[in-house]
Each structure stands twice: as C-alpha cells, then as structure tokens.
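These notes concern the structure reproduced below.
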Amino acid sequence: MSLVQSFAPHLPFLRRYARALTGSQESGDAYIRASLQALVENPEFVDNLEDPRLSLYRFFHVIWGTTGAQLEGKDGPVGDPADKRLQSLAPIQRQAFLLTALEGFSASEAAYILGISEKEQRVLEQDAQKEIEGELATKVLIIEDEPIIAADLESLVEDLGHTVTGIATTHREALSLFGANQPGLVLCDIQLADGSSGIDAAHDILADHDVPIIFITAFPERLLTGERPEPTYLIPKPFQENTVKAAIGQALFFHPANGARVDA
C-alpha cells in the first residue's frame, strides 16, 4: 500500500486538527498542503508505517516546527483579542492539549508526535487546560433533538462556567431561540427531530451573525467531504467530554468577537 493510500483516511481529521490549531481554515489547509508536498518529496522521513495516523500527525508537526508556527497577527485583524490569547498560550501547549483532547491520542502517542517525553506532554496539556478554561464565559445555544445528549451537553457547558440559553430540537426552534437571546457559541447536531437539518440552521444563523459553531454529529462524513467549506470544529458521536471541552475552548479562544458574554 502506498503512503497516499495509507494516509488518505486520516487526512480529513488532520485538516480538522490543523484548522483548530491555527484558528483558520485557510491557514490550516496551507499547512496541510505544505506537509503533503514535503511528504511526496521526502517519503523516507516517515518512520512508523505500522501506524499511519500516528506517522501522519508526527510528520505534520515536523513541517509545523520547521516553519516556526508563527500564527500571531496572521489570521485576524490587528488588535484581535485572539492574538493576545495566542501570545499567552505557547503553540506547544496548544498542540499537547488538542492532540489528546480533540484528536483522541493517548499521552504517550501525543508525546511521540511532538517528540517530547510523556511527562512533558502531561504538563503541557494541564497548563493549556488551565489557560483555556480561564478564558471568556459565554452564552451557549444547544441544537440537539436527543434529550439525554442535550442534557449531557447542558451539564458540561455549565460546568465550564457558561450559560445555556436554550435547547432547540428543530431548525425553526433553533432560529427562534437564537434570535430571542443571541449566544456567543452554538453546539449543533445535523439531523434534527422533524427531519430538518442542523446544517441549514447553522447556515441561516451564519448568514447574519458571526458566531462560532461546533458540530456534534453521528455523521461527520457529511461535513468532511472536501467539496465545500468544512467546519473548523466537528466532533463525532458518541463524544468524549474532554473533546467537547477542547473544542469549546478553542472556538472561544480564536473567535475574534469572543462570543456574547454572560454578563452582556
């Protein structure tokens, strides 16, 4: 099996990771293109073909490291609050946190990808968690038609210090609740109670409002097609609490408007 065939199933998720890491689809995809080009030119640099996903992420980080990973001031306007937060959270901390919390790697696997010890990985991850959880509290709209999942998400969101403005089960209800009390973040399923689409609800919301949306779905392949703009934040069901926490932290961390404050 060729390298391309081995890595192909993992590329959509590496794109998701790169976008979450940089806070920008354009920047994240640029790093992916650079990594793939370097891989074609230097296939001998791949050192663990028994685990293609692990090898792909490690190679991506080799490219990331050689470019200097200079994000500050490149993906947003001057004075963007996200720039200030990026300066306060070192890139290596972001990587350590996202690899385990968002991508689901073990601490030892994340340490291998980053080329550090497992102890260093755990320290970096804990430091990043504290930094991110110390960021802005906001109002959150949950679009989810399964009551148990919606209740789990509500509890998780409130444990993080945010306020849930409502739980919508249909497209129509989502737009109504959004308009009644505009949130700073939306958690969105794509298949809703009456057969309507969370994707359509998100599209209608984004037509008039600049708000981060995290898709949480049992059908991630419907959004990771490579045929149209893909969401920066996409979590498959069944989800892990830490994965949702990581995505919420990253969405609020990078979003230039910081969402709607709880005390707003």
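For reference, positions follow the sequence shown, starting with 1. These values consider heavy atoms only, across backbone and side chains, with no hydrogens, waters or symmetry-generated copies. Everything quoted here is computed from the prediction, not taken from an experiment.
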Original post:
So, for A202 and I213, which heavy atoms are closest and what is the spacing to 0.1 Å?
Top reply: CB-CD1, 3.6 Å
Subject >> E144 side chain vs E146 backbone, donor-acceptor pair below 3.5 Å >> reply: yes
Subject >> Side chains of L36 and L11 in contact at under 4.5 Å (non-hydrogen atoms) >> reply: yes
Original post:
Where do A107 and Q121 come nearest, in terms of heavy atoms and distance?
Top reply: O-CG, 3.5 Å
**OP:** Taking the side chain as every heavy atom from C-beta outward, state whether H171 and D204 have any atom pair closer than 4.5 Å.
**Re:** yes
Subject >> Of I92, I113, L56, the residue whose pairing with H61 passes side-chain contact (heavy atoms from CB on, under 4.5 Å) >> reply: I113
Subject >> ILVMFWY network linking V123 to Y112, side-chain heavy atoms under 4.5 angstrom >> reply: no
**OP:** Look at atom CD of E241 and say whether more than 12 heavy atoms of other residues, nucleotides or ligands are closer to it than 6.0 Å.
**Re:** no
Original post:
Roughly how far, to the nearest 0.5 Å, is SG of C188 from CD1 of I235?
Top reply: 12.0 Å
Subject >> Working for side chain to side chain contact (heavy atoms under 4.5 Å, CB included), residues H162 and L185 >> reply: CA-CA 10 Å; H162 306 302; L185 176 71; 5.7 Å; no
**OP:** Answer yes when D189 and K237 have at least one side-chain N-carboxylate O distance shorter than 4.0 Å, and no when they do not.
**Re:** yes
Subject >> Which atom of G28 lies closest to which atom of A18, heavy atoms considered >> reply: O-CB, 3.6 Å
Original post:
Which atom pair, heavy atoms only, marks the closest approach of P236 to R16?
Top reply: CD-NH1, 3.8 Å
**OP:** Report yes or no: does E120 contribute a side-chain atom to a donor-acceptor pair with the main-chain N or O of A111 at less than 3.5 Å?
**Re:** no
Subject >> Atom CD of E118 with >12 non-hydrogen neighbours under 6.0 angstrom >> reply: yes
Original post:
Can you check whether D51's main-chain N or O pairs, donor with acceptor, with S55's side chain at less than 3.5 Å?
Top reply: yes
Subject >> pair Y233-I248: side-chain heavy atoms closer than 4.5 Å >> reply: no
Original post:
Side chains of D145 and T170: does their closest heavy-atom pair fall under 4.5 Å?
Top reply: no
**OP:** Would you give the length of the straight line joining atom CG of L14 to atom CD of E103, rounded to the nearest 0.5 angstrom?
**Re:** 7.5 Å
**OP:** Compare all side-chain heavy atoms of L234 with those of T217 and state whether any distance is below 4.5 angstrom.
**Re:** yes
Subject >> Donor-acceptor pair, side chain of E173 and main chain of T169, under 3.5 angstrom >> reply: yes
Subject >> Among I149, D159, V164, the one residue meeting side-chain contact (heavy atoms from CB on, under 4.5 Å) with E154 >> reply: V164
Original post:
Looking only at heavy atoms, what is the nearest atom pair of P12 and A8, with distance?
Top reply: CD-O, 3.5 Å
**OP:** Could you tell me how the ring of F60 sits relative to the ring of Y17: parallel (under 30°), tilted (30 to 60°) or perpendicular (over 60°)?
**Re:** perpendicular
Subject >> Heavy-atom check, side chain of D194 versus side chain of R172, under 4.5 Å >> reply: no
Original post:
With a 4.5 Å heavy-atom cut-off, do I143 and F178 have their side chains touching?
Top reply: no
**OP:** Find out whether I116 and L124 are in side-chain contact, i.e. whether some heavy atom of one side chain is under 4.5 Å from a heavy atom of the other.
**Re:** yes
Original post:
Rounded to the nearest 0.5 Å, how far apart are CD of Q191 and OG of S196?
Top reply: 9.5 Å
Original post:
Rounded to the nearest 0.5 Å, how far apart are OG1 of T243 and CD1 of I214?
Top reply: 11.0 Å
Original post:
Within 45° of the six-membered ring axis of Y57 and under 6.0 Å from that ring's centre, is NZ or CZ of R53 located there?
Top reply: yes
Original post:
Considering all heavy atoms of both residues, which atom of G184 and which atom of L252 are nearest to each other, and what is their separation?
Top reply: O-CD2, 4.1 Å
Original post:
Strictly under 6.0 Å, is that where the ring centroids of F59 and F7 end up?
Top reply: no
**OP:** State the CG-CD1 distance between L187 and I142, to the nearest 0.5 angstrom.
**Re:** 5.5 Å
Subject >> Distance, nearest 0.5 Å, that separates CZ of R15 from CZ of R33 >> reply: 11.0 Å
